[in-house]
Amino acid sequence: MKFQNTLTGQKEPFVPHQEGKVKLYVCGITAYDYCHLGHARAAVVFDVLVRFLRFSGYEVLFIRNFTDVDDKIINRGKESNLSSQEVAERFIAAYYEDMERLGVLPADVEPRATEHIQVMQDLIQKLIDTGHAYATPAGDVYFRVRSFPDYGRLSGRNIEELKSGVRIEPGEDKEDPLDFALWKKAGPDVPSWPSPWGDGRPGWHIECSAMSEKYLGLPLDIHGGGQDLAFPHHENERAQSEAASGKTFVRYWLHNGFVRVNQEKMAKSLGNFITIRDIMQEYLPEVLRFFLLGKHYRSPLDFTWERLQESERGFKRLLETAWQTGQALENQKWSATDLPEEIDREFRTAAGLWRESLEDDLNTAAALGHLFSMNRLINRILDQKKWRKSQQAGEIFSAFLDELETLGRILGLPFADPERVLSSLRKSRADRKNIDPAEVEKLIAKRQKARQDKNFEQADLIRNRLVQMGVALRDTPSGPVWEVE
RNA sequence: GGCGGCAUAGCCAAGUGGUAAGGCAGAGGUCUGCAAAACCUCCAUUCUCCGGUUCGAAUCCGGAUGCCGCCUCCA
């Protein structure tokens with residue numbers, strides 16, 4: 001397995017610190033609003049990482065935190081007359097709903113900042129004791145950036161160049177403009193906790209340092225998050241943890257790229273965000289997931305509704321074949337006919353390649369490409385009557401369903417259950433176009449009758465009407481099947 | 001301004017030295033009462049541009065152009 005490591009800028013072989021075990025920490029959300037597609041991408045990408053590591057035989061301990069105390073949460077509370085805690089609870093609950101529908105598995109521990117105040121204070125104290133932090137008379141505590149010579153390495157920044165760009169907020173009492181807050185003194189109407197430095201609340205970065213060390217111990221093998229967290233958040237985490245412990249904090253830093261809209265980063269501040277819920281009103285969560293995995297996790301991913309629609313088509317194609325394969329496997333008497341040697345060989349090749357792709361920095365896009373290759377081979381066999389009934393075909397069908405099941409489990413896509421998903425897909429599409437299934441069924445029955453009477457003119461008339469509604473008909477040996485285009 | 005990333009067909013996208021995966025869309029064919037789906041065939045002598053290294057480059061190096069991101073909260 002190889003990963004592109006942000007710290008070194010290189011693709012490196014993955015060797016966990018302890019053989020066979022992976023300690024993984026991913027930055028979760030700040031709970032002050034509904035999750036948008038950017039959050040969905042990060043969640044899905046690292047979910048696939050965990051699933052694949054486990055599939056590969058690693059024992060993974062996976063932590064993903066919730067930031068439940070923060071200025072944005074506080075402001076949100078003030079706007080809506082809720083306490084910080086109420087705001088956080090509400091959006092954490094929404095997060096769980098969204099993630100469950102997206103098929104994102106929970107982490108092993110999902111710690112919240114407010115439940116780890118003591119751990120953070122201990123870490124802050126340690127930093128003060130070792131000269132890496134200082135408390136101001138006003139009651140803030142800052143990290144002394146210049147006490148950590150390696151500062152800037154993760155994000156490729158030079159401390160002297162950083163200095164010129166730093167802003168100092170009024171009221172701050174830093175030794176150096178670069179220093180960042182570990183503890184913020186209490187203010188009016190703001191949640192606070194007692195501390196040796198006076199009442200206050202933790203700075204943002206300290207929670208990840210404290211909680212990751214508490215649950216995983218150092219060094220972590222992998223730390224993940226969105227690209228925008230690399231600086232300053234991860235840089236600061238690294239400074240805190242390494243300064244306090246003297247140990248390596250993280251061995252492999254993984255950062256996912258942004259979801260973009262009109263060539264721009266999707267972000268709250270730009271107002272161009274689409275929530276997971278917005279998407280799920282129109283499309284199946286599985287389709288969204290399939291879309292998100294269609295591009296390598298580090299690259300920017302441009303969102304448009306058209307592309308989501310394309311993803312749905314591709315996803316459906318795979319499901320149709322999976323369903324057909326299951327059908328073929330159920331009710332055939334196998335013959336001894338041989339398949340052309342090249343089909344068998346091509347299938348085996350493609351079947352081995354998806355795993356290699358995932359091992360190469362989690363290349364889900366390439367893995368899906370190989371799946372489509374297998375898919376076409378299967379369709380080729382299915383298409384030829386004498387082939388589909390051969391003993392050898394049966395073996396390949398079984399192998400294909402196994403591959404689908406396995407890859408589906410890793411990618412979190414329900415290839416193993418095509419019938420259910422195809423039916424949800426039909427319903428989802430029908431809802432999108434406000435089509436009433438009962439009416440469609442009625443028209444189809446009428447058309448079937450006309451067809452039986454060989455009244456094709458009438459039958460075609462009905463079909464045209466359906467087409468105008470957006471319904472496509474397909475006559476199969478087992479009767480007509482309809483779907484929404 | 002500093003640092004980083006990206007540029008592959010109509011659209012999307014994989015591909016880090018050996019001669020361009022895959023998907024969507026499109027054209028023709030097979031199948032079909034006709035369709036649809038599926039299958040077959042076709043669809044980039046070429047990877048933004050200009051130089052260089054090499055027997056050989058989309059892939060490495062130098063330069064140019066364009067787009068994006070971080071440098072302030074952000075997945």
Side-chain angles (χ1 to χ4, degrees), chain A residues 6 9 11 26-30 32-33 35-46 67 70-72 75 152 155-158 160-162 164-167 169 204 224-233 235 255-260 263-270 273 290-291 294-302 304 306-307 309-318 320-321 324 350 353 357 360 363-384 451 454-457 459-460 463-464 467 472-476 480-483 485:
Chain A
T6 307
K11 200 185 273 186
V26 175
C27 287
I29 56 158
T30 299
Y32 76 106
D33 205 342
C35 290
H36 60 61
L37 290 184
H39 301 103
R41 188 182 195 193
V44 166
V45 160
F46 289 108
T67 300
D70 168 272
D71 290 353
K72 288 194 294 287
N75 292 336
S155 53
R157 257 152 253 253
N158 174 308
E160 299 307 327
E161 282 162 359
L162 270 175
S164 58
V166 170
R167 276 192 275 185
E169 301 292 332
W204 176 34
Q227 229 156 47
D228 45 2
L229 296 183
F231 189 90
H233 185 52
E235 191 71 67
H255 290 105
N256 66 276
F258 300 124
V259 175
R260 302 194 304 185
Q263 297 277 299
E264 270 181 335
K265 175 184 173 183
M266 180 179 289
K268 291 274 163 61
S269 51
L270 292 166
F273 63 93
F290 185 82
F291 166 73
K295 191 159 184 185
H296 183 84
Y297 76 92
R298 295 184 69 87
S299 310
L301 171 63
D302 288 288
T304 63
E306 289 71 27
R307 295 198 47 206
Q309 175 80 51
E310 278 179 21
S311 292
E312 191 189 64
R313 278 199 269 265
F315 181 53
K316 182 169 152 285
R317 181 151 190 249
L318 295 170
E320 295 276 7
T321 305
Q324 296 274 2
L353 285 175
S357 298
D360 186 8
N363 195 337
T364 53
L368 286 173
H370 297 308
L371 180 55
F372 274 108
S373 301
M374 273 190 270
N375 195 77
R376 192 169 58 191
L377 279 166
I378 294 298
N379 276 330
R380 273 174 75 181
I381 302 172
L382 246 19
D383 205 53
Q384 297 276 339
R451 288 184 75 211
K454 302 274 180 211
N455 186 350
F456 293 119
E457 204 178 320
D460 288 352
R463 186 173 59 199
N464 286 340
V467 167
L473 268 188
R474 204 189 329 163
D475 294 316
T476 72
V481 173
W482 67 277
E483 55 198 309
E485 261 319 305

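Naming: A, B, ... by sequence-line order, numbering from 1 per chain. Computed from a prediction, not measured in an experiment: that's the story for all the values here.
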Under-4.0 Å side-chain N/O to phosphate OP1/OP2 contact, A:Lys268 with B:A75 |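 Looking at the OP1 and OP2 atoms of B:A75, neither is under 4.0 Å from any side-chain N or O of A:Lys268.
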
What integer number of Å spans the [atom1] atoms of [N] and [M]?
| N | M | atom1 | result |
| --- | --- | --- | --- |
| B:A20 | B:U53 | C1' | 22 Å |
| B:A25 | B:A36 | P | 13 Å |
| B:U65 | B:C50 | C1' | 11 Å |
| B:G5 | B:G10 | P | 29 Å |
| B:G62 | B:C68 | C1' | 23 Å |
| B:C31 | B:C24 | P | 23 Å |
| B:U46 | B:A21 | P | 15 Å |
| B:C60 | B:C47 | P | 15 Å |

What residues form a side-chain hydrogen bond (donor to acceptor under 3.5 Å, both in side chains) with A:Arg298, not counting sequence neighbours?
->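 side-chain hydrogen bond (donor to acceptor under 3.5 Å, both in side chains) check on A:Arg298 returns nothing, list empty.
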
Do any pairs count as a salt bridge (Lys or Arg N to Asp or Glu O under 4.0 Å) and have a residue in residues 370-381 of chain A, sequence neighbours left out, and if so which ones?
->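 The answer is A:Glu342-A:Arg380.
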
[X]: which residues meet the salt bridge (charged side-chain N to carboxylate O under 4.0 Å, His left out) condition with it, sequence neighbours left out?
| X | answer |
| --- | --- |
| A:Asp71 | A:Lys184, A:Arg201 |
| A:Glu310 | none |
| A:Arg41 | none |
| A:Arg307 | none |

Determine, for A:Arg157 against A:Glu235, whether the closest basic-nitrogen to carboxylate-oxygen distance falls under 4.0 angstrom.
->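 A salt bridge is absent here (no side-chain N lies under 4.0 Å from a carboxylate O).
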
In plain terms, say whether A:Glu320 and A:Lys316 are close enough for a salt bridge, that is, a side-chain N and a carboxylate O under 4.0 Å apart.
->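 Yes, charged N to carboxylate O under 4.0 Å.
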
For A:His370, all residues meeting ring pair (Phe, Tyr, Trp, His ring centres under 6.0 Å), sequence neighbours excluded =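 Residues passing ring pair (Phe, Tyr, Trp, His ring centres under 6.0 Å) with A:His370: none at all.
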
Residues that A:His296 engages under ring pair (Phe, Tyr, Trp, His ring centres under 6.0 Å), provided they are two or more places apart |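 For A:His296, no residue satisfies ring pair (Phe, Tyr, Trp, His ring centres under 6.0 Å) once neighbours in sequence are set aside.
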
Ignoring hydrogens and angles, tell me if any N or O in the side chain of A:His233 forms a donor-acceptor pair with the backbone of A:Ala230 under 3.5 Å.
->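 No, because the side chain of A:His233 does not come within donor-acceptor range (under 3.5 Å) of the backbone of A:Ala230.
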
For the pair A:Lys295 (side chain) and A:Pro300 (backbone), establish whether a donor and an acceptor sit closer than 3.5 Å, ignoring hydrogens and angles.
->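 At least one qualifying donor-acceptor pair exists.
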
Roughly, in whole Å, what's the span from [atom1] in [X] to [atom2] in [N]?
| X | N | atom1 | atom2 | result |
| --- | --- | --- | --- | --- |
| A:Tyr297 | B:C6 | OH | P | 13 Å |
| A:Gln227 | B:A75 | CD | C1' | 10 Å |
| A:Lys265 | B:G4 | NZ | P | 19 Å |
| A:Gln309 | B:A25 | CD | P | 10 Å |
| A:Arg260 | B:A7 | CZ | P | 11 Å |
| A:His233 | B:U72 | NE2 | P | 16 Å |
| A:Leu353 | B:A21 | CG | P | 13 Å |
| A:Asp228 | B:G5 | CG | C1' | 14 Å |

Take A:Asn158 and A:Arg313, find for each the nucleotide of RNA chain B with the closest heavy atom, and name the residue whose nucleotide sits nearer the 5' end.
->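 Its nearest nucleotide lies further toward 5', so the answer is A:Asn158.
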
Nearest-nucleotide comparison on RNA chain B, the residue closer to the 5′ end among A:Leu368 and A:Gly257 |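 The 5'-side residue here is A:Leu368.
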
Could you write nucleotides 30-39 of chain B as a row of B, S and -, 5' to 3', where a protein heavy atom under 4.0 Å of any base atom gives B, of only sugar-phosphate atoms gives S, and otherwise -?
-> ---BBBBSBS

Does [N] pair with anything, Watson-Crick or G-U wobble, both distances under 3.5 Å, and if so, with which nucleotide?
| N | result |
| --- | --- |
| B:A14 | none |
| B:U32 | none |
| B:C67 | B:G5 |
| B:A27 | B:U41 |
| B:U19 | none |

Could I get a table of every N or O pair under 3.5 Å where one atom is in the protein and the other is in nucleotides 61-64 of chain B?
none

State whether a side-chain donor-acceptor pair under 3.5 Å links A:Thr30 with A:Asp70.
->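 No.
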
Looking across every strand, which nucleic acid part, if any, lies under 4.0 Å from A:Gly38 by heavy atom: base, sugar-phosphate, or nothing?
->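 Base contact - A:Gly38 has a heavy atom under 4.0 Å of at least one base atom.
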
Remember a base hit wins even if backbone is also touched, and classify A:Val26 as base, sugar-phosphate or nothing at under 4.0 Å, heavy atoms.
->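 A:Val26: no heavy atom of the nucleic acid under 4.0 Å.
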
Filtered N/O pairs between nucleotides 11-15 of chain B and protein, under 3.5 Å:
| from | atom 1 | to | atom 2 | distance (Å) |
| --- | --- | --- | --- | --- |
| B:C12 | O3' | A:Arg307 | NH1 | 3.4 |
| B:C12 | O3' | A:Arg307 | NH2 | 3.3 |
| B:C12 | O2' | A:Arg307 | NH2 | 2.5 |
| B:A13 | OP1 | A:Lys295 | NZ | 2.6 |
| B:A14 | OP1 | A:His296 | N | 3.0 |
| B:A14 | O3' | A:Asn363 | ND2 | 2.6 |
| B:G15 | OP1 | A:Asn363 | ND2 | 2.3 |

Candidate nucleotides B:C71, B:G23, B:A75, ranked by approach to the side chain of A:Phe372 - the nearest =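 Nucleotide nearest to A:Phe372's side chain: B:G23.
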
Sequence-distant partners of A:Phe372, side-chain contact (heavy atoms from CB on, under 4.5 Å), two or more places apart |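 Checked A:Phe372 against side-chain contact (heavy atoms from CB on, under 4.5 Å); matches are A:Phe290, A:Arg317, A:Leu318.
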
